[in-house]
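To keep things clear, I will list the structure first and then write my remarks on it.
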Amino acid sequence: MVDLKGQYNDIKDIVNPSIQEVIENTTFINGPKVHEFQKNLESYLGVKNVIPCANGTDALQIAMMGLGLKPGDEVITTDFTFAATVEVIALLQLTPVLVDVNDDDFNINIEAIKRAITSKTKAIVPVHLFGQCANMEAIMEIAQEHDFFVIEDNAQAIGANYTYSNGTKVKAGTIGHVGATSFFPSKNLGCYGDGGAIFTNDDNLAHTIRGIVNHGMYERYHHDVVGVNSRLDSIQAAVLDAKLPRLDNYNKSRQSAAKKYSKALEGIESIITPKTVSKSCEGICDTCDCHVFHQYTLRIKGVDRDALVKHLNDKGIPCGVYYPIPLHRQKAYLDERYKESDFEVTNQLVKDVISLPMHTELDDEQMEFITSTIIKFING
Ligand SMILES: *Cc1c(COP(=O)(O)O)cnc(C)c1O
């Protein structure tokens with residue numbers, strides 16, 4: 001699914017000395033590399049504050065802690081995402097309220113958000129799934145009207161642009177009150193272990209969060225709030241700082257691979273190729289960065305999806321089903337308020353989706369083999 005080795009070989013001469021420097025300096029925690037990376041990421045994203053932390057799940061949790069959400073507060077989020085998004089809501093004793101998604105971009109559905117609002121609703125967590133932003137303009141409008149917080153789960157869309165209807169472009173993760181991302185190795189900007197970060201333009205919130213990541217300390221050994229221990233270590237920061245200047249090129253490689261996949265698979269009746277929904281972009285995005293293809297996800301119609309997965313695996317082609325079970329049907333997140341009829345789209349997507357290998361090192365020959373194997377299977 002990913003080729004981290006190929007990418008490493010390409011940047012080895014930059015990454016190795018950068019890691020070596022951390023080891024020589026023995027500044028393993030909160031060293032200068034962490035600060036450098038933080039500053040560079042702030043300027044890349046055009047956001048006032050980046051707070052690095054230990055992983056993307058922590059980033060989401062700490063963002064919610066920083067906003068002061070209270071047990072029993074309801075948080076509306078998508079039924080079709082990685083479990084980390086709802087897990088942290090539940091861990092903080094907030095109530096996750098899962099809602100259905102769109103069937104074109106797989107992102108949280110605006111009408112479904114509106115229907116789920118109650119007097120207890122306090123926040124919305126859109127997830128920019130597979131590399132494309134949710135409808136942030138509509139979400140921010142709802143939030144403004146009801147005084148909700150918006151926490152963007154940007155684990156899959158770092159570097160993506162969001163274009164407002166007036167044409168203004170901003171980076172994914174910097175639109176809501178706070179954004180959270182992950183630097184898990186297979187993410188678009190991945191380190192060589194675990195890592196994450198929180199983004200916000202609100203300086204007061206940033207100050208609160210900087211204390212929370214470090215045991216609630218704002219002054220050494222003074223613990224003003226209950227915090228956690230969640231740090232990006234300096235070695236990971238060294239890797240990330242070496243890769244950040246390449247992120248746009250990495251995302252371009254993904255877009256170019258997506259475009260080739262879609263070209264090879266277009267016109268086949270049982271396949272729906274991924275859609276980009278930004279008005280600034282036609283067809284597959286390779287100009288405006290509205291989709292950075294963390295995953296390239298097809299929908300398969302009228303053909304046994306699981307048999308196709310098995311066939312591809314048998315031919316040595318890795319592929320994934322993200323996600324095979326909707327969150328509202330996961331034991332940990334059952335809630336009597338949910339009705340199956342509220343989740344028509346996710347209930348269908350879990351049966352249809354298949355994600356093809358997607359990374360920065362795909363070559364034409366590999367993609368040709370993958371698409372021709374799919375086409376041969378479908379044509380029987
Ligand atoms: C990867 C991911 C996370 C969690 O990130 P970790 O760094 O693995 O904790 C959260 N949300 C989404 C949507 C993700 O894809």
If I compare all heavy atoms of [X] with all of [Y], which pair ends up nearest, and what's the gap?
X	Y	value
P274	S262	CD-OG, 4.1 Å
Q38	V50	CG-O, 3.2 Å
N161	C133	O-SG, 4.5 Å
A197	C53	N-SG, 3.9 Å
G159	N251	CA-ND2, 3.9 Å

Could you tell me whether the side chain of [X] and the main chain of [Y] form a donor-acceptor pair under 3.5 Å?
X	Y	value
D194	G196	no
N214	M217	no
Q132	V277	yes
S234	F28	yes
T371	A264	no
T174	K171	yes
Y44	K39	no
N40	E36	yes
T200	D202	yes
K243	D241	no

Does either side chain, that of [X] or that of [Y], offer a donor lying less than 3.5 Å from an acceptor on the other one?
X	Y	result
N49	N201	no
S355	T297	yes
D79	Y338	no
T57	E87	no
N109	N102	yes
Q156	N188	no

Query raised in the report: Rounded to the nearest 0.5 Å, how far does CG of L92 lie from CE of M64?
Result: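 One finds 7.0 Å between CE of M64 and CG of L92.
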Query - Reported CG-to-CG distance for the pair L45 and N154, which is rounded to 0.5 angstrom - result: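 L45 atom CG to N154 atom CG measures 8.0 Å (nearest 0.5 Å).
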Report task. Take I268 and I375, measure what side chain to side chain contact (heavy atoms under 4.5 Å, CB included) needs, and give me the verdict at the end. Result -> CA-CA 8 Å; I268 295 166; I375 293 168; 3.4 Å; yes
Report task. Could you tell me if the ring centre of Y162 sits under 6.0 Å from that of H128? Result ->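 Centroid separation for Y162 and H128: 6.0 Å or greater.
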Query raised in the report: Centres of the Y261 and F293 rings: under 6.0 Å?
Result: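 No, they do not, as the ring centres are separated by 6.0 Å or more.
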Does the pair [X]/[Y] count as a salt bridge with the N-to-O cut at 4.0 Å?
X	Y	result
E368	K260	no
K5	E361	no
D73	K120	no
K310	D314	yes
K252	D289	yes

Answer whether the closest heavy-atom distance between the side chains of [X] and [Y] falls below 4.5 Å.
X	Y	answer
H359	Q7	no
L308	D304	no
Y322	L129	no
I110	N135	yes
H294	K187	yes
D352	R305	no
R231	V213	no
T85	T78	no

How about [atom1] on [X], more than 12 heavy atoms from neighbouring residues, nucleotides or ligands closer than 6.0 Å, or not?
X	atom1	value
Q144	CD	no
E141	CD	no
K169	NZ	yes
E344	CD	no

Query raised in the report: Could you go step by step and tell me if T77 and V97 meet the side chain to side chain contact (heavy atoms under 4.5 Å, CB included) rule?
Result: CA-CA 6 Å; T77 191; V97 177; over 6 Å; no
Would [X] and [Y] show up in the same hydrophobic cluster when neighbours are defined by side-chain heavy atoms closer than 4.5 Å?
X	Y	result
F199	L67	no
L189	Y8	no
F183	I19	no
F184	I158	no
I108	V150	yes

Requested in this report: Kindly state each residue pair satisfying salt bridge (Lys or Arg N to Asp or Glu O under 4.0 Å) with at least one member in residues 46-55, sequence neighbours excluded.
Outcome: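 Every salt bridge (Lys or Arg N to Asp or Glu O under 4.0 Å) pair that includes a residue of residues 46-55, provided the two are not neighbours, is K48-D203.
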Query raised in the report: Would you call the rings of Y323 and F130 parallel, tilted or perpendicular, where under 30° means parallel and over 60° means perpendicular?
Result: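 Parallel.
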Report task. Show your working on salt bridge (charged side-chain N to carboxylate O under 4.0 Å, His left out) between K33 and E21 and close with a plain yes or no. Result -> CA-CA 9 Å; K33 282 284 176 205; E21 193 187 319; 3.8 Å; yes
Requested in this report: Could you walk me through whether R299 and I271 pass the side chain to side chain contact (heavy atoms under 4.5 Å, CB included) test, one step at a time?
Outcome: CA-CA 6 Å; R299 295 182 67 182; I271 294 180; over 6 Å; no
Query - Check against side chain to side chain contact (heavy atoms under 4.5 Å, CB included), D103 and Q348 - result: CA-CA 9 Å; D103 76 350; Q348 190 59 46; over 6 Å; no
